[in-house]
Amino acid sequence: MKNIFIVIFLITGILPHTAQELTSEQLIDKTIAYHDPNQLWDVFEGKLFITLQYADGKERHSIIEIDLPREYFKITNLQDDNVIEYIVNKEDCTLLLNGETTFTEEDAKTYRLTCEQALKTKNYYSYLYGLPMKLRDPGTIVSPEVQTKTFKGKEYLVIKVNYEENVGKDTWYFYFDPTTYAMEVYQFYHDESKNDGEYILLNEIENVASIKMPKIRTWYTNADDKLLGTDILTKAAPLK
């Protein structure tokens, strides 16, 4: 009888958690422990090389520099044989086209050379590459219950996230492997009742300064599973 209890304990100890066994806060703790085991995101300094493959076959190559302690962000895009750079350094914004800070209004419109766009780009990349750690940011409203959902044939632990109005208006769902707690899918809606928005499949892992970042993100529409594009983290390097 004693041996039977030992076997039961060992089996149940290695089984994946169910949604009923975890709160959303506990699940976030576990996924952050998987992706950022050394708790280094808040002091992250690194350079990310990203290739964006559009559905029509075109590509855009970007180099992103993030220095969170210094509140510094820079992105360099290679587009139409031009080099577009956004730099956000604390409250300061610098825009460059082919290394020059002066450009025509037409160029500004074509390449979206505005400080508003630079800040949006900074927030966009800092958010995506900072997940799931960014789920701890102020203004994030996490639904307390964990759901179990099957998505593309696999069962996941799922949490629903909304944001305070000054942070964001979309509704997000994050999908985690029930055994490793790796984040493998996320999905957002502008209006969930209309089934708009997109879902993003995450594949492979790039170990960036001990942070496990998704290497490949593939974007689809929720409504009709239309492929929008794929971004690939081709390489990461220290800033210095």
Side-chain angles (χ1 to χ4, degrees), residues 35 44-68 72-88 93-101 103-132 134 151-152 170 172 174-175 182-188 190 196-209 211-239:
H35 284 280
F44 180 75
E45 303 173 29
K47 186 181 293 188
L48 308 176
F49 296 78
I50 298 170
T51 297
L52 174 57
Q53 299 175 338
Y54 294 97
D56 62 5
K58 294 180 180 179
E59 290 189 349
R60 188 185 73 194
H61 299 274
S62 301
I63 303 171
I64 296 172
E65 299 176 31
I66 299 174
D67 187 334
L68 292 181
Y72 177 88
F73 173 88
K74 177 181 179 182
I75 183 168
T76 303
N77 288 327
L78 308 179
Q79 183 177 341
D80 301 332
D81 296 322
N82 289 298
V83 180
I84 300 100
E85 296 171 275
Y86 300 152
I87 301 170
V88 180
C93 164
T94 304
L95 309 167
L96 298 100
L97 177 61
N98 297 319
E100 301 293 333
T101 56
F103 35 79
T104 66
E105 288 186 12
E106 183 178 351
D107 283 336
K109 184 177 181 180
T110 300
Y111 299 109
R112 297 190 292 180
L113 288 161
T114 67
C115 285
E116 180 183 8
Q117 183 61 39
L119 186 58
K120 285 182 179 178
T121 303
K122 168 186 175 291
N123 292 338
Y124 172 83
Y125 281 106
S126 299
Y127 180 77
L128 290 187
Y129 284 92
L131 287 170
K134 296 291 285 181
F151 192 82
K152 302 299 180 184
D170 294 337
W172 288 72
F174 295 89
Y175 296 68
M183 182 181 61
E184 295 187 352
V185 184
Y186 40 74
Q187 184 176 34
F188 69 88
H190 308 304
D196 60 7
E198 301 162 16
Y199 66 88
I200 301 91
L201 304 182
L202 312 176
N203 290 286
E204 302 184 32
I205 289 291
E206 187 77 13
N207 202 310
V208 181
I211 299 173
K212 296 183 183 73
M213 293 185 180
K215 182 178 180 67
I216 302 171
R217 289 179 168 86
T218 309
W219 301 72
Y220 299 88
T221 58
N222 286 323
D224 54 9
D225 295 311
K226 179 183 177 182
L227 174 65
L228 297 174
T230 301
D231 59 71
I232 304 169
L233 178 55
T234 58
K235 186 174 70 171
L239 278 182

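Reckoned from all heavy atoms, side chains included, excluding hydrogens, waters and symmetry mates.
Between atom CG of residue L96 and atom OG1 of residue T76 there is a gap of 9.0 Å, rounded to the nearest 0.5 Å. Summarising the geometry, atom CD belonging to Q117 is positioned 10.5 Å from atom SG belonging to C93; distances are rounded to the nearest 0.5 Å. In this structure, OH on Y199 lies 9.5 Å from CG on L228, to the nearest 0.5 angstrom. To the nearest 0.5 Å, atom CG of residue L52 and atom NZ of residue K58 are 12.0 Å apart. The distance from the CD atom of Q187 to the CG atom of L201 is 9.5 Å, given to the nearest 0.5 Å. Atom-to-atom distance recorded for E184:CD and I205:CD1 is 8.5 Å, nearest 0.5 angstrom.
Minimum heavy-atom separation, L48 to A236: CD2-CB, 4.0 Å. In this structure, L95 and F103 approach most closely via the heavy-atom pair O-CE2, 3.8 Å. Taking all atoms of both residues into account, the shortest heavy-atom contact from M183 to H35 is N-NE2, 2.9 Å. For E198 against N222, the heavy-atom pair with the smallest separation is N-ND2, 3.1 Å. Between F73 and I66 the shortest heavy-atom distance is CD1-CG1, 4.0 Å.
Partners of T51 by side-chain contact (heavy atoms from CB on, under 4.5 Å), not counting sequence neighbours, listed by chain and number: Q53, E59, H61, T234. Under the rule for a salt bridge (charged side-chain N to carboxylate O under 4.0 Å, His left out), the partners of K74 that lie at least two apart in sequence or sit in another chain are E85. Not counting sequence neighbours, the partners of N82 by the side-chain contact (heavy atoms from CB on, under 4.5 Å) test are D80, I84, L97, N98, Y111. The salt bridge (charged side-chain N to carboxylate O under 4.0 Å, His left out) search around D56 returns none, not counting sequence neighbours. For K120, the salt bridge (charged side-chain N to carboxylate O under 4.0 Å, His left out) partners at least two apart in sequence or on another chain are E116. Scanning for side-chain contact (heavy atoms from CB on, under 4.5 Å) contacts around K109 gives an empty result, with sequence neighbours left out. Under the side-chain hydrogen bond (donor to acceptor under 3.5 Å, both in side chains) criterion, S62 pairs with N77, not counting sequence neighbours. In this structure, the salt bridge (charged side-chain N to carboxylate O under 4.0 Å, His left out) partners of K134, at least two apart in sequence or on a different chain, are D137. Residues meeting the ring pair (Phe, Tyr, Trp, His ring centres under 6.0 Å) test with Y175, sequence neighbours left out: F151, Y156. By the side-chain hydrogen bond (donor to acceptor under 3.5 Å, both in side chains) test, D170 pairs with H190, sequence neighbours left out. With sequence neighbours excluded, the residues forming a side-chain contact (heavy atoms from CB on, under 4.5 Å) with A223 are N195, listed by chain and number.
Looking only at side-chain heavy atoms (C-beta outward), I87 and Y72 come within less than 4.5 Å of each other. The shortest side-chain heavy-atom distance between Y86 and L119 does not fall under the 4.5 Å cut-off.
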For residues 211-219, which side-chain N or O atoms pair as donor and acceptor with protein atoms under 3.5 Å away, sequence neighbours left out?
from: K212; atom 1: NZ; to: Y34; atom 2: O; distance (Å): 3.1
from: K215; atom 1: NZ; to: E206; atom 2: OE1; distance (Å): 3.3
from: K215; atom 1: NZ; to: L233; atom 2: O; distance (Å): 3.0
from: R217; atom 1: NE; to: Y186; atom 2: OH; distance (Å): 2.6
from: R217; atom 1: NH1; to: Y129; atom 2: OH; distance (Å): 3.4
from: R217; atom 1: NH2; to: L128; atom 2: O; distance (Å): 2.8
from: W219; atom 1: NE1; to: D231; atom 2: OD2; distance (Å): 2.9

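Other residues, nucleotides and ligands place more than 12 heavy atoms under 6.0 Å from the CZ atom of R60.
Between I75 and the options I50, I64, I63, a side chain to side chain contact (heavy atoms under 4.5 Å, CB included) holds for only I64.
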